[in-house]
Amino acid sequence: MTRDDPAAAAHGNVVVIGAGIVGAAIALELRKRGHGVVLVDRDEPGRGTSFGNSGAISPGSVAPLALPGVLASVPRMLLDGRSPLRVPLRYLPRALPWLARFVASAAPGTVAASAARLAALHADAVARHVALAREAGVPELVVTRGHLHLYRDAAALAKDATAWNLRRQYGVVAQQLDRDGIAALEPGVDVRYQVGMFLPDHATVRNPFRYVQAIVRRFVDTGGRLRRAEAASLSPSPEGWRVVTSDGPLACNAVVVAAGAWSRRLLDAQGLVLPLETQRGYHVEFDGEAPISRTVVLTDRKAFVTPMETGLRIGGTVEIGGLVAPPDWRRADALADAARDAFPGWRAAPVRRWMGHRPCLPDSVPFIGAVPGTRGLFAAVGHGHLGLTDAPATAQRIAEAVDAGRQAATMPP
Ligand SMILES: Cc1cc2nc3c(=O)[nH]c(=O)nc-3n(C[C@H](O)[C@H](O)[C@H](O)COP(=O)(O)OP(=O)(O)OC[C@H]3O[C@@H](n4cnc5c(N)ncnc54)[C@H](O)[C@@H]3O)c2cc1C
């Protein structure tokens, strides 16, 4: 099935829009279940937000971003260009409705409900990625050496008590380390970090872009079709759906929208108006030997540092600045400074800077499933800071929903 093709449509074909980590994982899972699948992206697979993330598989991240006390961070967000959380003043009017919902999500009841949903979605994330990487022929990309969160002192750790308590509540294994414990794991870390929290069951993807590419290659090798085109609109048709793309229309039984931060244009028109906002994040990459051997989190800079295949990557910061404005490279430069401060004696020069768009919903819980009021339209959107972690579980949920929809459609009344 490529263009309007009624014969192919009869075989339960699905169009997946977006070949980031989420859409790629969905496309492969649907293909494995016997669906004819076309994966559509306007760009090379994995070139969107999934290109530049920090590679962390973080099943312990059950705390949503909006926690009690979030309001106190707002003044710095607005005024300090290098603050880890930032809303540029020019974007503030656009961001306000979303920010209001974000702050409202910090209510204790909402936090507890979001944590429960995130914990369920994160379950078995590491095992799922190990299996997916093996299947895609790149088992070397997933390394299981744990994550080390670094704090300057016990008082700084205490400020994060809500998140650590939630992790404990959901059975996440975390070992508290003193300075000697940090040095034993990662001798290159600066002495200013006196307290560590080690999550031994966490893992890292050492090249997120190559990972997506390998998954898509596997998808194509098993008969899936990849189409480079912009999806402009969707509409229901007698057979199911019609997707208008820059390369002509596609007919299919079902559509999955997995277009990351750009999904609203396609979904609003179908009645699913999600409060989706981009949280722009940055990374800087350094050539040369890495001063660490696993993912390290500089909690005071809200930054993840990862020894990638392509160099040492420091990624992070949140900038609520929309999809259109050019990057503010001061934010990347602040990350580069943070890396130099964290590893004394390490003198590599930065070689690459990157900015990407995390697709974020106010309560940090993605929308995954059938679009209400439609038949055969599904969305997997809003994975925020954890889209890599949750892609395989998302793929399973979407594939189950598509299968359930197909059964319902073919069942006698
Ligand atoms: C700095 C940073 C660090 C991060 N670190 C981590 C981490 O360590 N662990 C983790 O789990 N997550 C992390 N994330 C989050 C993670 O990267 C995202 O949640 C994830 O990449 C989202 O994947 P996606 O497939 O939904 O979106 P994307 O990767 O953005 O893919 C969407 C795709 O849709 C395509 N598209 C959009 N509109 C259309 C259209 N109309 N027609 C055709 N194609 C279209 C785009 O070209 C793109 O390829 C990080 C994010 C950032 C920015």
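Reckoned from all heavy atoms, side chains included, excluding hydrogens, waters and symmetry mates. In listed order, ligands and their atoms are each counted from 1. Only a predicted model underlies this, so the values are computations on that prediction, with no experimental measurement involved.
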Legend entry - Proximal candidate to atom 23 (O) of ligand 1 [heavy atom criterion; set Gly387, Gly382, Gly20, Ser50]: Ser50
Legend entry - Heteroatom distance test (Leu388, ligand 1): nitrogen or oxygen, under 3.5 angstrom: yes
Inset, instruction - Examine ligand 1 and decide if any of its atoms is less than 4.0 Å from a heavy atom belonging to Ser58. - result: no
Legend entry - Glu285 versus Thr310, side-chain donor and acceptor atoms under 3.5 Å: yes
Legend entry - atom 40 (C) of ligand 1: nearest protein contact (heavy atom, Å): Ala231 N, 3.8 Å
Inset, instruction - Taking only Lys NZ, Arg NE, NH1 and NH2, and the carboxylate oxygens of Asp or Glu, determine whether Arg353 and Asp333 approach each other closer than 4.0 Å. - result: yes
Inset, instruction - Could you pull out the closest heavy-atom pair between Trp346 and Pro291, with the gap in Å? - result: NE1-CD, 3.5 Å
Inset, instruction - Identify, for atom 25 (O) of ligand 1, the protein heavy atom at the shortest distance, and state residue, atom and that distance. - result: Val22 N, 3.2 Å
Legend entry - Candidate with minimal heavy-atom separation from atom 36 (N) of ligand 1, of Arg42, His147, His383: Arg42
Inset, instruction - Please could you name the atoms of ligand 1 that Ala56 approaches to less than 4.0 Å, counting only its heavy atoms? - result: 7 (C), 8 (O), 9 (N), 10 (C), 11 (O)
Inset, instruction - Among all protein heavy atoms, pick out the one at the shortest distance from atom 5 (N) of ligand 1; state its residue, atom name and that distance to 0.1 Å. - result: Ser54 N, 3.0 Å
Legend entry - Salt-bridge present (Asp247, Arg228; N to O < 4.0 Å): no
Legend entry - atom 50 (C) of ligand 1: the protein heavy-atom neighbour that sits closest, reported with distance to 0.1 Å: Asn53 CB, 3.3 Å
Inset, instruction - Quick one: look up the protein heavy atom nearest atom 27 (O) of ligand 1 and list residue, atom name and how far away it is. - result: Gly260 CA, 3.6 Å
Legend entry - Any Arg358 heavy atom less than 4.0 Å to ligand 1: yes
Inset, instruction - Please state which part of His385 comes within less than 4.0 Å of ligand 1, counting heavy atoms only: side chain, backbone, both or neither. - result: backbone
Legend entry - Donor + acceptor pair across side chains of Gln176, Tyr151 (<3.5 Å): no
Legend entry - Polar contact flag for Trp262 and ligand 1 (N/O pairs, less than 3.5 Å): no
Legend entry - Taking atom 18 (C) of ligand 1 as the reference point, the nearest protein heavy atom with its distance: Gly384 O, 3.6 Å
Legend entry - Residue Ile21 vicinity, atoms of ligand 1 by number, heavy atom under 4.0 Å: 23 (O), 25 (O)
Inset, instruction - For the residue pair His283 and Ser54, confirm or rule out a side-chain donor-acceptor distance under 3.5 Å. - result: no
Inset, instruction - May I ask you to identify, for Phe304, whether its side chain, its backbone, both or neither come under 4.0 Å of ligand 1 on a heavy-atom basis? - result: neither
Inset, instruction - Would you please indicate yes or no on a ring centroid separation below 6.0 angstrom for His129 and Tyr211? - result: yes
Inset, instruction - Write out the residue and atom name of the closest protein heavy atom to atom 48 (C) of ligand 1, then the distance separating them to 0.1 Å. - result: Asp41 OD2, 3.4 Å
Legend entry - Glu140 with Arg134: basic N within carboxylate O range, under 4.0 Å: no
Inset, instruction - Under 4.0 Å, heavy atoms only, figure out whether ligand 1 is touched by the backbone of Ala229, its side chain, both or neither. - result: backbone
Inset, instruction - Find all atoms of ligand 1 within a distance of less than 4.0 Å from any non-hydrogen atom belonging to Thr389, and give their numbers and elements. - result: 10 (C), 11 (O)
Legend entry - ligand 1 N/O within reach of Gln279 N/O, cut-off under 3.5 Å: no
Legend entry - Numbering as shown, the atoms of ligand 1 that approach Leu386 to under 4.0 Å (heavy-atom distance): 10 (C), 11 (O), 12 (N)
Legend entry - Trace of the side-chain hydrogen bond (donor to acceptor under 3.5 Å, both in side chains) decision for Thr295 with Thr204: CA-CA 7 Å; Thr295 295; Thr204 300; 2.6 Å; yes
Inset, instruction - Please say whether more than 12 non-hydrogen atoms of neighbouring residues, nucleotides or ligands are located less than 6.0 Å from CZ in Arg101. - result: no
Inset, instruction - Kindly indicate whether the side chain of Ile26, heavy atoms from C-beta on, has any atom under 4.5 Å from the side chain of Phe378. - result: no
Inset, instruction - Could you check atom 34 (O) of ligand 1 against the protein and tell me its nearest heavy-atom contact, residue, atom and distance included? - result: Gly18 CA, 3.4 Å
Inset, instruction - State whether the number of non-hydrogen atoms from other residues, nucleotides or ligands found under 6.0 Å of Lys32 atom NZ is greater than 12. - result: yes
Legend entry - Any N/O pair Tyr282/ligand 1 closer than 3.5 Å: no
Legend entry - Side-chain donor/acceptor of His122 to backbone N/O of Ser61, under 3.5 Å: yes
Legend entry - Residue-ligand contact Arg265/ligand 1, heavy atom below 4.0 Å: yes
Inset, instruction - Would you check if there is a donor-acceptor pair between the side chains of Glu186 and Ser293 at a distance under 3.5 Å? - result: yes
